[in-house]
Every structure is written in C-alpha cells, then in structure tokens.
Protein chains: 2
Amino acid sequence: MPRPWSDGQELRLYQDALDQVEIADRVGFDYVWEVEHHFLEEYSHSSAPEVFLGAASQRTKRIRLGHGIVQLPPAVNHPARIAERIATLDLVSNGRVDFGTGEASSSAELGGFGVRRTDKRAQWQDAIDAITRMFVEEPFAGWNSPDIRMPPRNVLPKTVQKPHPPLWVACSRRETIQFAARNGIGALSFSFVEPEDAGRWVDEYYRIIESDECVPAGFAVNPNVTVVLPMMLHEDEATAIERGIDGAHFFAFALAHYYGSTPHDPGRTDVWQEFLERRASRGLSREQIIANAGTLNVNVGSLRGAVGTPEQVVDLVRRYESVGVDQVSFVLQAGPNEHEHICESLELFGKAVLPHFTEGREEREAAKAERLAPAIEAALARRKPARTSPPGYRIDEEAEVARASRGRRPVEDIRAAGRRRFRQGFYKLVHGRSDAQIERRFGPAAQRVFFAGMARAYDPSASGGFTGELEFRLSRADGEAVWTLGIGKTRARARQGPAKDPALTLSVATADFLRILAGDANPASLLMDGRLELSGDFELAPRLSEMFGGPSPY
Amino acid sequence: MPRPWSDGQELRLYQDALDQVEIADRVGFDYVWEVEHHFLEEYSHSSAPEVFLGAASQRTKRIRLGHGIVQLPPAVNHPARIAERIATLDLVSNGRVDFGTGEASSSAELGGFGVRRTDKRAQWQDAIDAITRMFVEEPFAGWNSPDIRMPPRNVLPKTVQKPHPPLWVACSRRETIQFAARNGIGALSFSFVEPEDAGRWVDEYYRIIESDECVPAGFAVNPNVTVVLPMMLHEDEATAIERGIDGAHFFAFALAHYYGSTPHDPGRTDVWQEFLERRASRGLSREQIIANAGTLNVNVGSLRGAVGTPEQVVDLVRRYESVGVDQVSFVLQAGPNEHEHICESLELFGKAVLPHFTEGREEREAAKAERLAPAIEAALARRKPARTSPPGYRIDEEAEVARASRGRRPVEDIRAAGRRRFRQGFYKLVHGRSDAQIERRFGPAAQRVFFAGMARAYDPSASGGFTGELEFRLSRADGEAVWTLGIGKTRARARQGPAKDPALTLSVATADFLRILAGDANPASLLMDGRLELSGDFELAPRLSEMFGGPSPY
C-alpha cells in the first residue's frame with residue numbers, strides 16, 4: 001500500500017484481497033500464502049493473517065490456507081496462542097491449514113517486540129518443539145525453557161489434520177534451506193532465485209531430508225520446496241509489463257528498505273517516494289525492462305519474475321519444475337498493482353498456465369511419497385516422542401505464577417538463592433546413595449537441623465493462605481521418626497513428635513523423603529508406587545515442595 | 001463440549017457454530033459475542049475467537065462481531081497483536097467489530113500464562129490505554145510500563161470504525177460494572193442477574209457515566225449494559241426445558257468448576273461426569289425445574305434463564321428492558337445442547353420475540369445519544385489525548401531490544417556488559433567533539449588499542465559464518481590510517497596495513513568512523529551523504545556493527 005494513503009484504502013485492499021483469494025480458489029490454485037508482518041508500512045499491512053485466513057476460509061472451498069509465515073519468537077506470539085489459532089483455522093477451514101513459521105527478521109519487528117537477533121533462532125527451535133507438542137500431547141505436559149514457561153494444560157482445540165498441519169519455515173538463504181531440511185519441514189523460499197540456483201538448493205534439501213541429519217521439528221515430515229516470484233499476466237507482453245513491473249520492483253525495493261539498513265522513521269518515511277527517486281540506481285529501471293522485453297529471463301537484478309505472457313510463464317515454471325522445485329508462489333498484491341489486473345491475471349493463469357501442470361500430478365506426488373517414505377519413517381524415529389505425563393497434576397495458580405515469574409525477575413531474591421544453594425548441597429548428599437546410607441546420615445541431630453532448616457525456608461507466598469500442622473512420619477530400619485511443622489501466617493516452626501490435629505500427614509521412608517526434597521525423586525511417582533502415603537487435605541500436597549523452596553518440574 | 005469426546009466433535013462444533021451465526025444474522029440478531037478462553041476443557045473450546053470471527057464475517061452481512069472478551073494481560077496477548085487483529089477483523093467485516101476486553105479470571109488461564117492475579121487489573125488499564133493509542137496515534141508514540149515496553153511504531157492496519165470499535169469490559173460483579181462506567185465503556189455482564197438487581201446496577205452505571213468520575217479508557221465512550229442468560233426456545237414449554245436445561249445447568253456448573261476452587265487435572269478431570277454426580281446438590285436439579293415449570297422466573301439459583309416459550313421470553317426481556325438494560329445476550333451453545341434445537345430456537349426468536357422489540361428502536365437510541373451527548377463530550381475532554389511524537393525517530397533495533405530487555409533478563413552476560421561499558425565510555429569521548437579533536441585523540445597507539453579491542457569484541461554468532469578480511473581506510477587531516485581485521489571462524493585479529501584480499505573495504509573519515517562505533521552517527525546517513533564509502537561485499541555491511549558488539553543503526 002504505497003503512500004500517499006487515502007481514506008478507505010486499507011478497507012479496499014482487504015476486501016480486494018478476499019475477492020482475489022476467492023478467484024484463486026475457483027480457478028484452481030492450490031495454496032494461498034499470507035505473511036505476518038508488523039509495522040512494515042507500505043510494504044505489508046498484513047499483521048493478523050489468522051483473521052484474514054479465517055475470513056478466506058469461508059470464501060473458498062478447496063484452496064489450502066497457508067501462513068507464510070507465523071512469527072514464532074514468544075515475545076511476538078505466545079506458543080499456546082499460536083497452537084490455538086492454527087487449530088481454530090484448521091477447524092473453520094475443515095483441515096486446509098499449512099503452518100508456515102519463521103523468526104522475524106526486520107529491525108522494525110525485532111526492535112518493536114524486543115526480540116534479540118542472536119536469540120531468535122534458538123527461540124524458533126524452542127517454540128516449534130513446544131507448539132507441535134501442544135498439538136499432539138493431551139494434556140501438553142508443560143515447558144520450562146529460558147523463553148517459555150508453561151505448566152501442564154490441555155491446549156484446545158485440536159487440529160483437524162493429524163498429527164498437525166504441514167510445517168514450513170521461511171528461507172532466504174542457502175543455509176536456511178538446509179536448516180529446513182534438517183528440521184524435516186517445507187522450505188518457503190522467500191527470495192528471488194534463478195531456476196539453476198534453485199536446483200542446487202533443492203538437491204541439497206532432499207539429500208539432507210533423506211540423511212540422518214534430518215531430525216523432524218514436528219511429528220510429521222513435510223518435504224517440499226517453494227520459490228517465490230512476482231507475477232502479472234497478459235496475452236500481450238508489453239501490457240503485462242506495464243501493469244506489473246512497478247509492483248514487482250516496489251516489492252523488491254521495500255523489502256530491501258526494511259531488511260537492509262535504510263533508516264526508517266515510523267509514520268513518516270515515504271518508501272514509495274524513495275522508490276521513485278532511487279529505483280533506477282538500484283537496477284529497478286522500468287525503461288530497461290521494457291527495452292529488454294521479449295525473453296522472460298528470471299534475473300534477480302531485473303526482478304521481472306513472472307511478469308509476462310502465459311507462454312512465458314509456462315516456460316518459466318517448467319524450468320523450476322525441471323530442477324525439482326515443488327511449488328512456485330506468485331506475489332500479485334505488490335505496490336500499485338491494480339485489483340482488476342490481478343483478477344485478470346489469476347483467471348488467465350487458471351486458463352492458460354495451470355492446465356500445463358496438472359496432468360499426472362497425483363502420480364508424481366504418489367511416487368515422491370513412496371520414494372521418501374522410508375527416509376521419513378527413519379527421521380520420525382529420531383524425533384523425541386510426545387510425552388505422557390502421569391495423572392494427578394492439579395492446577396495451582398499461585399505456584400504456577402510464581403514459577404513463571406522466576407527467571408523473569410531481574411535479580412533472584414536472597415532467600416531464594418539461599419534455598420537454591422541448600423538444595424544443591426542436599427542433592428549431592430543424597431544422589432546415588434542407598435536407603436541405609438541416607439538413613440545413617442539422617443540421625444536425630446541431622447533431623448533437628450533439617451526440619452529447622454525447612455521451617456526457615458518456609459515461603460508463605462506459596463502456601464495459598466494455609467495455616468495449620470503438617471505431620472511427617474518417616475519410617476526407618478530402626479523404627480519411625482515423627483516431626484511436625486506448625487505453619488503460621490508468616491512463619492513455620494518445627495518440633496519433634498506427632499501433630500495434635502494434622503491438616504496433612506505424609507508417611508514415607510526416610511530415604512525417599514530426603515530424595516524428594518533434594519529433587520532426586522518424583523513425589524507423584526512415589527505416590528503411585530505406594531511408597532508415599534498421604535492422609536488429610538490432599539490439595540495441600542502439590543504445594544508442599546514449593547512451600548519449602550523445593551524444586552518444581554515446570 | 002462435555003466429555004466423553006469423539007473424533008470429529010470439535011470440527012462439528014465449530015462448523016455448527018458458524019451455521020448458527022449465519023442464522024442469527026439472517027433472522028435479525030444484532031450481535032454475536034464470542035469468548036476467548038484457554039485450556040477450559042468441556043466449558044469452552046473457543047481459544048482463538050479472532051479466527052472464528054474472521055470466518056463469521058464472511059458468513060454474515062449485518063450482525064456485529066463482538067469479542068466477549070479479548071484477554072488483555074500482555075503475557076496472554078501482546079497489545080500490538082490485539083490492535084492488529086481488531087483492526088483486521090474490522091476490515092474484513094467492513095466495520096462490524098465490537099471490542100470486548102477483560103482480565104482473565106480462571107486459575108487455569110492465569111496460571112497457564114503466568115499472570116499474577118493481583119497485577120491483572122493494572123495490566124488491563126495499562127494495556128487498554130496502549131491499544132487504543134495504537135488505533136489513533138500515527139505513529140503510536142511508544143510505551144514504557146512495567147508490563148509493556150514498545151518503541152515508536154505505526155501499528156497497522158487501522159480500524160474502519162473511527163476512532164476505534166466500541167469498547168466493552170467483562171463484568172461479573174457490581175464493582176466491575178462501576179469500573180466499566182468509570183472507564184466510559186460498555187458493561188458485558190457475564191453473570192446471571194435478576195431484572196430488579198440489574199436495574200440497580202444500570203442506574204449506578206449511568207450515574208457514573210454522567211459524572212466526572214468517568215474518564216474514558218478509549219477515545220470514544222460506549223454507554224451500554226448487557227446481561228447474559230442461557231436460552232432455548234420452543235412453543236411447548238416442556239420441550240424447551242427438555243432441550244435446554246442440561247446445557248444451561250452444565251454452563252453454570254462448569255463455570256463454577258473453573259472459577260471456583262474445584263481441583264482440575266488437565267486432560268483428565270471429567271467435568272461432565274462430576275456434573276452428573278453433583279448437579280442436584282448444587283441446586284441444578286433437572287426434576288425441580290420441570291416440577292416448577294409454568295412461570296419463567298429468572299432465578300439465579302435455578303438458572304433456568306430464557307429456557308421457555310417465546311411468550312415467556314418476551315416477558316422476561318421486557319423486564320430487563322424496563323429497568324434500562326441495553327442488551328440481552330443469550331447462551332445457546334452450552335453443554336449437550338443440540339445444533340438442530342439451537343437453530344430452531346434462533347429462528348423462533350427471530351419470528352416471535354424480536355419483533356416485539358424493534359419498533360421505535362431508532363428513536364429510543366437517538367434520544368439516548370442526545371441525552372448523553374454533553375456528558376460524553378465532557379468525559380472525553382478528561383481523557384489524556386492522542387500523542388503526536390516529533391518526526392526524526394529512527395528505528396534502532398539494538399537499542400530498542402536492549403530497552404525492552406531491561407528488567408526482563410536475570411543477568412546480562414559478562415561480555416555484553418563489557419561491550420556496553422566500552423561503548424558508553426567511547427560515546428563520551430566522541431560526542432560533541434570536532435573532527436580535529438577526535439583525530440588528535442586517535443593517534444597510532446589509540447588505533448592499536450582500539451582495533452585490538454574490536455577484535456576481542458568480535459561475536460562470531462553475528463557474522464553468519466563469514467570468514468575473511470575487512471579493511472578500514474580511515475582518512476585523517478595528515479593522511480590515511482589503514483587497518484585490517486582478519487575474521488576467523490571463532491575469533492578476529494587486528495593488524496595495521498591493507499588487506500591482501502578484502503571482502504569489504506570501508507573508507508571514511510577517522511572522526512566519522514569513531515562516531516559510528518560510538519553510536520553517535522548513523523552509518524546509513526553517512527553512506528547516503530557520501531561520507532562513508534563501501535566496496536566489496538555489500539551484504540556484509542549491515543552485519544558489521546553487530547559483529548563487533550557495536551550499536552545497530554537500524
């Protein structure tokens with residue numbers, strides 16, 4: 001949407017785009033891909049593709065609805081919100097979603113959302129692992145990474161396509177194509193690349209897909225490579241160029257503007273004006289294209305792409321097809337391109353270009369699937385499987401919020417640091433030792449020190465307002481040690497002996513108790529194995545560990 | 001979607017809901033309201049309303065598309081993402097969005113996203129201020145609060161409705177209705193309330209709207225109060241109850257389950273089973289409702305709501321109308337309610353209930369608008385206006401990301417801290433000094449120290465795998481200083497003298513070079529002014545600054 005802007009222009013742009021998608025569906029296009037870009041004035045006003053694709057789902061019947069791409073850094077989109085919107089789109093479209101992903105790359109976006117460029121690749125890898133698990137795990141078993149913390153939840157709704165919609169990643173360089181292959185997902189190559197170069201990329205991509213370098217990021221492999229080209233079609237070549245070349249060139253110019261180092265003043269910089277002033281010096285000369293018309297050379301310098309006649313575009317797509325490119329995507333809504341011309345191009349494409357590529361297509365795809373099946377099976381065996389968490393987790397808002405905040409706060413508070421050190425030392429005392437060894441070290445004096453320490457470590461913020469007595473019955477080879485912690489509003493006190501009116505009693509072997517506190521045993525497992533017994537107020541149990549500064553798995 | 005779940009059930013639920021919205025639009029309903037709930041199994045599988053409402057926009061012509069509500073805590077939805085999706089929905093629906101907001105309240109949601117209950121009200125107030133400014137400020141002038149940090153950006157697209165869609169807030173208590181009034185926005189009262197109680201709430205709401213307590217949260221006032229009731233219609237009362245009472249009761253039961261303190265094990269707890277076992281003891285007895293049929297008492301205990309005949313519901317709505325309630329919302333998709341019965345109810349409502357309330361409606365609304373106009377004008381004068389930031393801001397990714405991270409990162413890594421200190425000291429040496437002064441300080445010894453420091457600061461993670469030589473030709477009043485940095489895989493080395501085979505050569509005045517490195521000059525501007533010349537691999541240039549821990553120009 002090049003400047004100057006007029007009232008109602010965005011409305012027209014969006015309504016036109018919906019009409020165009022409807023035509024594309026009708027004439028036989030397989031995919032519509034929509035970007036997610038933020039703050040990129042004039043270049044892209046498509047910042048909420050989940051909404052637009054939701055709308056497009058009801059204007060179309062068959063076409064696949066592709067996110068090209070969703071920005072995965074958690075500061076832009078929370079992973080659970082991404083899983084939810086992908087699943088919802090899959091439901092309203094009856095299983096037509098393709099889930100393209102990316103990291104965001106422009107300074108406008110990274111700076112706008114506070115995403116560190118050096119972190120974004122790791123964030124992508126972390127987020128796609130979490131999101132694909134949200135699709136398949138029921139419940140999602142929780143997450144604890146530097147950028148994503150989430151307790152166990154059943155993320156709803158679930159996708160129609162199983163295990164989940166096909167995954168893609170945006171690529172702009174050879175390294176990212178390799179990266180896509182290593183992750184077993186489709187490569188959406190958003191760069192202008194000649195067929196011969198594309199061929200080398202494709203070969204490398206499939207070599208990796210079929211090698212043990214491929215460890216799928218999701219729970220299915222999507223082996224596909226796409227290239228992107230600007231497009232405008234007309235039976236008369238000069239008309240096609242007249243209609244489409246400014247859009248193609250502005251697309252390239254604005255891309256360089258936002259992804260290069262050109263200064264940008266939000267709300268003020270006039271990218272269209274800069275384009276008019278500088279296009280010639282950037283090799284984006286309208287006159288030069290017109291002078292060289294006649295052969296449709298896909299030349300990255302000229303950026304003419306698929307602006308030409310149907311015959312020229314058939315020839316061009318053939319060249320990509322012959323080197324193994326799976327899909328060619330066309331950019332039509334660029335710069336000042338007119339809606340009517342875009343619609344005409346789509347119709348003409350359906351009539352005069354598409355039929356050249358539909359014959360034998362199912363057979364080709366079946367052959368490809370068969371050829372890759374063993375490699376895909378082997379790759380999926382390398383992916384860490386979906387987790388099944390044991391039942392018995394209880395949603396505990398206060399503890400969960402406290403955990404989510406940990407590590408987000410600038411400085412760990414001193415008490416928490418003390419607790420952490422205590423725990424670490426404790427782990428060393430317990431880990432790998434036999435019951436007898438642990439018990440021996442935990443005689444009456446050690447018990448006194450330990451329970452006094454536990455009382456000191458008491459964190460009232462994790463108790464949910466509980467006051468009362470907790471009783472610990474620790475069995476030993478030589479009998480039983482019984483201790484009681486009296487929990488007041490702000491502090492706790494330890495004393496030896498049974499409680500008068502215990503809110504909760506834990507009965508457990510001394511060694512297992514110490515293992516739990518040291519983070520060396522899982523209380524839920526012990527409970528299921530009958531090695532830990534509880535009586536009284538069960539709801540207190542999941543909080544206990546945290547009430548005394550113990551570790552949490554989430 | 002009560003358990004047990006079957007394959008394809010969510011698909012049917014979503015497709016049915018779209019059909020229902022289409023009917024509601026056709027028969028004359030004014031609004032469809034859709035919740036945003038996360039992880040609330042069985043109670044609500046509507047977690048991405050932006051997608052569903054996007055779809056609904058293309059199945060309807062006239063009905064308003066209401067978010068009831070969007071969760072505003074920034075950990076759930078980034079404020080810019082909210083502004084973007086609201087605007088996009090406004091564009092695809094041609095201006096039919098109502099923007100309902102809320103804070104999230106269930107433990108499943110607050111714990112799931114790590115939102116502290118005591119913070120969420122402040123977060124709502126902070127976020128709605130930022131979001132409404134994103135709608136009207138061009139560019140949005142930026143934000144810096146404990147929960148939201150964002151540099152200046154033009155948030156795109158803009159809404160069709162000006163200044164923005166009507167604002168609402170979810171209310172469940174008398175205090176939140178007062179809160180809505182103080183913020184000058186509509187009250188979406190998602191609680192079951194008798195007409196007489198509703199009347200007291202409405203009076204209080206409008207008293208505050210017309211008082212100087214009202215300081216609008218947005219840039220327009222939306223004076224409206226809605227109440228919510230479960231509904232099922234049939235000409236035969238017993239049939240209406242038979243069809244609708246389990247849904248109405250399950251809705252109330254599941255609400256209490258998630259918003260009370262009932263334990264919930266994600267993916268395991270069977271809320272429907274618990275409902276069957278406990279409904280009677282909660283006053284949700286099917287038999288009792290049937291026994292008392294005949295008069296439609298809206299009784300919060302029985303929760304029968306608008307389950308009855310058209311005549312009964314006309315009477316009920318009249319009672320709400322008579323006490324000044326502006327809108328009644330009906331819950332139909334609840335529990336096991338069947339799609340066919342919901343569709344029949346919608347049709348019957350359009351035929352036999354709605355006509356009683358349409359006559360004179362425009363006049364009533366015009367009278368209300370006229371009555372409130374002076375109060376609204378006065379209220380808007382109390383709202384802090386949209387800001388106009390001066391031109392000249394430049395997107396600066398590194399500085400922006402650093403600002404966003406402040407207070408978020410636990411510990412800045414030592415190397416980064418060293419680089420920052422180096423840069424700050426450096427800035428002081430350079431800023432405000434003349435070329436001659438800077439050159440004087442940058443003699444051969446200083447050059448040696450400086451380039452050695454640059455080599456030490458080299459960050460291989462920012463180089464994109466580049467190895468090779470970078471040549472720096474720094475012109476001075478007394479000639480030229482030439483230095484070369486040899487970049488290896490993990491480290492860099494500095495040496496005086498020209499490179500043998502430079503990948504990139506920078507030619508620039510010594511003073512300008514130091515200003516760039518100190519963040520006191522913009523390399524892109526220098527490049528455009530011809531004060532910085534590059535030769536070689538241009539694509540390296542934008543990376544240079546980051547490769548050496550310098551500030552980024554964009």
Side-chain angles (χ1 to χ4, degrees), chain A residues 10-11 14 18 38-39 41 45 47-48 50-52 54-55 57-59 76 78 80 84-85 88-89 91-92 107-108 110-112 114 116 118 138-139 149-154 156-158 160 260-268 391-395 397 400-401 404-405 407-408 410 539, chain B residues 10-11 14 38-39 41 45 47-48 50-52 54-55 57-59 80 84-85 88-89 91-92 107-108 110-112 114 116 138-139 149-154 156-158 160 263-268 391-395 397 400-401 404-405 407-408 410 461-462 522 524-525 542 553-554:
Chain A
E10 275 180 333
L11 177 60
Y14 268 83
L18 280 171
H38 308 282
F39 324 128
E41 309 168 74
H45 290 219
S47 58
E50 65 271 38
V51 177
F52 181 88
S57 74
Q58 304 302 304
R59 297 281 294 268
V76 185
H78 189 289
E84 291 167 340
R85 73 194 225 200
T88 303
L89 188 57
L91 287 161
V92 297
S107 290
L110 295 173
R116 207 177 287 268
T118 46
E138 204 168 338
R149 282 170 197 237
M150 204 180 129
R153 288 291 187 273
N154 196 5
L156 300 170
K158 300 294 184 194
V160 175
S261 56
T262 321
H264 188 87
D265 186 1
R268 270 90 183 199
Y393 185 86
R394 289 286 176 276
I395 288 179
E397 173 186 338
E400 290 169 347
V401 170
S405 312
R408 268 210 316 237
E539 292 193 21
Chain B
E10 275 180 332
L11 177 60
Y14 268 83
H38 308 282
F39 325 128
E41 310 168 74
H45 290 218
S47 58
E50 65 272 37
V51 176
F52 181 88
S57 74
Q58 305 302 303
R59 299 280 295 267
E84 291 167 340
R85 73 193 224 198
T88 303
L89 187 57
L91 287 161
V92 296
S107 290
L110 295 172
R116 209 175 286 270
E138 206 169 336
R149 282 167 198 238
M150 203 180 127
R153 289 292 186 273
N154 196 6
L156 300 170
K158 299 295 184 194
V160 175
H264 188 87
D265 186 359
R268 270 91 183 201
Y393 184 84
R394 289 286 177 275
I395 288 178
E397 176 185 338
E400 290 168 346
V401 170
S405 313
R408 248 185 6 207
S461 74
N522 184 329
S525 307
Y554 50 85

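To find a chain, count down the sequence lines: A is the first, B the second, and so on, and within it residues start at 1.
For the options B:Gly392, B:Pro391, B:Pro152, B:Ala80, heavy-atom pairs under 4.5 Å to chain A are most numerous at B:Pro391. Heavy-atom pairs under 4.5 Å with chain B were tallied for A:Val76, A:Leu18, A:Asp265, A:Leu89; the largest tally goes to A:Asp265.
Looking at A:Gln58 and B:Ser57, their side chains never come closer than 4.5 Å, going by heavy atoms from C-beta outward. Looking at heavy atoms from C-beta onward, A:Ile395 lies in side-chain contact with B:Pro266 at the 4.5 angstrom threshold. Looking at B:Phe52 and A:Val92, their side chains come closer than 4.5 Å, going by heavy atoms from C-beta outward. For the pair B:Pro139/A:Arg268, a side-chain contact is recorded, criterion being any heavy-atom separation below 4.5 Å from C-beta on. Side-chain atoms of B:Arg394 and A:His264, non-hydrogen and from C-beta on, never get closer than 4.5 Å to each other. When side chains are defined from C-beta on, A:His38 does not count as touching B:Leu156, because their heavy atoms never get closer than 4.5 Å.
Heavy-atom distances place both the backbone and the side chain of A:Leu110 under 4.5 Å from chain B.
In terms of heavy atoms, A:Pro151 sits closest to B:Gly112 at CD-O, 3.7 Å. When all heavy atoms of A:Glu397 and B:Ser107 are compared, the pair lying nearest together is OE1-OG, 2.6 Å. Closest approach of B:Asn154 to A:Glu41, counting heavy atoms only: ND2-OE1, 3.0 Å. Closest approach of A:Ser47 to B:Thr88, counting heavy atoms only: OG-OG1, 4.3 Å.
The main-chain N or O of A:Ala108 is found under 3.5 Å from a side-chain atom of B:Arg153 such that the two form a donor-acceptor pair.
One finds the CG atom of B:Leu91 at 11.0 Å from the NE2 atom of A:His45 (value rounded to the nearest 0.5 Å). One distance of note links NZ of B:Lys158 with CG of A:Leu11; it measures 15.5 Å at 0.5 Å rounding.
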